[in-house]
Each structure stands twice: as C-alpha cells, then as structure tokens.
Amino acid sequence: MTEVIKTLIFAGVAIAISMVAAFVSWPRAAEQTESRVGTALFEQFTDPLAASSMKIVTFDDETGQLSTFEVRRDAETEEWTIPSRDGYPADAMEQMKNAANAFVALKVLDTQTDKAEDHDDLGVAEPKLEDLQVGDEGVGRLVTLKDGKQETIAELIIGDVPKDDPSQRYVRIPGQDPVYVVRFDDSPLTTAFREWIDNDLLQLSSIELSSLEILDYNASLAMGGKISLTRNYTADVGLDGTEWKLNSLMDYDPSRPGTAPVAADLASLAPLNKAKLDELKTALDDLQIADVVRKPDGMSETLRADQDLLTDKEAVNSLAQRGFYPVPSGPNGEIEILSANGELDVILNTGVKYVLRFGNISGVEDGSAESEAGVNRYLLVTTKVDETQFPVPKLQAVPK
C-alpha cells in the first residue's frame, strides 16, 4: 500500500468520524436550545410575595455612568423604603407585586441566539461599569429580585424589543450566553421615583382648610455672601364654608427695610379675589411630590438650624442653590431658614398646621394631553400643631 493510498484512507476515516460527530452533536445542541421553549424562565420563583427587594441598574451611554434604583421591604417593620433615596418611605406593595408577577409568569417563546458576540446587537450586554465607556450601545437593564434573606431569586438583563412584536423582549440571564425571546410587560419596572411613593404631599382635603397665613417676601444672596431680604406683607385669610375673609394685613415699607410692619385698614381695602384663593385651595389639595433631597445635617425636624450648620459651607451652599438661606434670628442665637419666594402657613380645622417655604424652581415638566406643563419647585415643609385650636383648660383648685 503506497503512502498516497494510506493518506487518502486516513483522510476518509477522519471525514467519516467528523460526519458522525456532527450527526451526534447537532441534534443534542438543538435539543438543549429547544428544551427551554415554553418553559418558565425562573422555574423556582413561583410566589411573587417572596420578593422583598428589587434593584434596577441602567447605563447612560451619554455620560458613561450607571444609575441604580432600589426598593426594599424591612424584615422587622415590614415597611417598604427606597435605599437609593436615603431610605425614603415607599408605597410599593402593589407595584412590587406586579413587578414580581412579571417574572413569575415569564416563559421562553424562542431562543434568539446562544452567541456572546450577539449580545450588543440585541441590547442585552451587562451593565458593568468596568467594561463600559461613553458611547457604548447595546447595554441592557439589569433587574435583580431578592427574598427576605437577601438571596437572589430572579435576575435578568432586559434588552431590545423585536421589530415584529412590541409586546416581546430580548432577555438574558447574567453570566449565560443564550438570549431568549419572551412576552414581557416591563411597565412595573419603572425607576421614576414618584411612581413608588404616595406623592400626595400634604394629605389634606380642601374642606379641612380653616385659614391661610401668607408671608410675602423675597430672599436672595447679595454681594459678599450676605442675604438680601425684601418683605412685602403678611396676610391672615380665613375660610368659612366657601367664603373668604381677610382677618389681618401687615404692610412693610420697602423704602425702610428693617422697620416694623403697619396694620392696614381692612375697611378701606378692595374685596378679596375669591377665584384666586379658590385656585390656591385646590392647588394645595393637588400638591404632589416630584422628587426628594435629603436635608443637611444640622437641621431639626422642625427645620430649625443650629450653629454647626452655619459653619458647614457645603450644607449652606446646598441650601442656597435650592433657594433657602439660614440666618441668625432671635436673642438666643436661633437660626431661621428664609426662602427665596416666601412662606405659606396652612391651618386645618383638625388642628394641623403646615408651614411651606418656597425655594427656587427645580425644573419644568412636560405637559400631557390631560394637563398643561408644570413647574417643579423646591419646598421645605414643616408640620406643627395649631395650639390656638387647643386652648389650655381652666383648672379648678383641688379642695383641701
């Protein structure tokens, strides 16, 4: 047998072995791929109430930064909070259940690919900051659900929407190559802060409104870091049923700053603008939280400041940027917080008193079909007891 014939025989045997290997391995790979079609993506996760926390990580390709939103239930108090917003209370029970249900019901419709090089094209690249830079595309949202022991019960990278069906999504389990096609409603996975809280700021009904005290003044930073203050008037307006009444009006002389106000002659004044006051009453009822910022250390629950706050330049600058200025007030060295656009005291017939301090504009919201564009403004809100509605009872002397 010549060497040429031997070589051809070995080559033929090698080709035959390769064909047998291909015949054996291809069906097995296809079987593994198809085995997930029609099955639950997270087979062990069947109870949506088991989810005690959810973290959503997203990537901003313009800044090259990751942002994290997290909502979590406290194991002891059972209360929901938002750790990514300094533990602000969340109204998350219903929305969290809807979010968890989306994962429980998730079934594989198809396997789009099992190749890692396709991840970017399908929008399921993992949002890892060490692997990303400005301009990177194809990065998905990483959603992680954990139970009460903070053990992961479901984790998924959510990618693009297939062109032929907007109700579907490309998804991938972190650390795995296959990209699946699922029917997925991701609306409960919003990272909008206001969607996870009770955003009714004052929790009041307009029929509870008893009176308003309007402190009309303007405060701003002047040269040298001093506070420029212009006081206009202070008005006390009462509400009896649907009728408004001006109880008092104290006027300030703008040409003589620092002088005491003068009581106005109420009989000589024009009638109150009922329509404007009714609009104000409705606006207070509809006042909603758009976002929150943690107050600086050195401010008490009543939003009074201490001397340490004045020496904290970072805290003072943070307040000033939002339109709030701590200034000394009173003989005891107390620090008062003045606001850029005055104050409003809202007194309810339940004995609750809200003090609203109006700072700078935060941003302009886009309008919708139902409402016009609105303005977001920074507010400092304090809740007090209106002690005038709870007079001290007259006590009788205890008989001997």
What do you reckon, is [atom1] of [X] surrounded by more than 12 foreign heavy atoms closer than 6.0 Å?
X	atom1	answer
Glu78	CD	yes
Asp47	CG	yes
Glu137	CD	no
Lys274	NZ	yes
Gln44	CD	no

Checking side-chain polar atoms at under 3.5 Å, does [X] have a donor or acceptor matched by the opposite partner on [Y]?
X	Y	value
Asp74	Trp80	no
Thr68	Ser84	no
Thr113	Asp118	yes
Glu208	Thr350	no
Gln95	Asn98	no
Thr259	Tyr252	no

Separation of [Y] [atom2] from [X] [atom1] (nearest 0.5 Å):
X	Y	atom1	atom2	value
Asp136	Glu62	CG	CD	13.0 Å
Leu49	Lys97	CG	NZ	7.0 Å
Leu287	Tyr354	CG	OH	10.5 Å
Glu343	Leu338	CD	CG	7.0 Å
Tyr88	Arg294	OH	CZ	12.5 Å
Leu280	Ile214	CG	CD1	6.5 Å

> In chain order, what residues pass the ring pair (Phe, Tyr, Trp, His ring centres under 6.0 Å) check against Tyr378, with sequence neighbours excluded?
Replying inline: none
Closest approach of [X] and [Y], non-hydrogen atoms and distance?
X	Y	value
Pro296	Ala315	CB-CB, 3.7 Å
Val182	Lys107	CG1-O, 3.4 Å
Asn376	Ala290	OD1-CB, 3.8 Å
Ala235	Leu246	CB-CD1, 4.3 Å
Val161	Pro166	CG1-CA, 3.4 Å

>> Are Phe69 and Phe193, when compared by the centres of their aromatic rings, separated by less than 6.0 Å?
In response: no
>> Just checking Phe184 against Phe103, ring centres under 6.0 Å apart?
In response: yes
> Taking Tyr217 for the side chain and Ser339 for the main chain, is one N or O donor matched with an acceptor at less than 3.5 Å?
Replying inline: yes
>> Please determine whether salt bridge (Lys or Arg N to Asp or Glu O under 4.0 Å) holds for the pair Arg183 and Asp165, giving the CA-CA distance in whole Å, both sets of side-chain angles, and the decisive distance to 0.1 Å.
In response: CA-CA 9 Å; Arg183 183 164 284 106; Asp165 192 340; 3.3 Å; yes
> Name the one of Arg377, Arg322, Arg194, Arg85 that satisfies salt bridge (Lys or Arg N to Asp or Glu O under 4.0 Å) with Asp291?
Replying inline: Arg85
>> Do Arg36 and Tyr180 form a cation-pi contact, if we require the NZ or CZ to be under 6.0 Å from the six-membered ring centre and within 45 degrees of the ring's axis?
In response: yes
> How would you list, by chain and number, every residue that makes a side-chain hydrogen bond (donor to acceptor under 3.5 Å, both in side chains) with Gln203, sequence neighbours excluded?
Replying inline: Asp198
Any carboxylate oxygen within less than 4.0 angstrom of a Lys/Arg side-chain nitrogen, looking at [X] and [Y]?
X	Y	result
Glu279	Lys281	no
Asp186	Arg169	yes
Lys115	Asp177	no

> Can you list the steps and then say if Glu195 with Thr190 is a side-chain hydrogen bond (donor to acceptor under 3.5 Å, both in side chains)?
Replying inline: CA-CA 7 Å; Glu195 298 294 334; Thr190 175; 5.8 Å; no
>> Would you say that Leu221 contacts Ser228 through its side chain, given a criterion of any heavy-atom pair below 4.5 Å between the two side chains?
In response: no
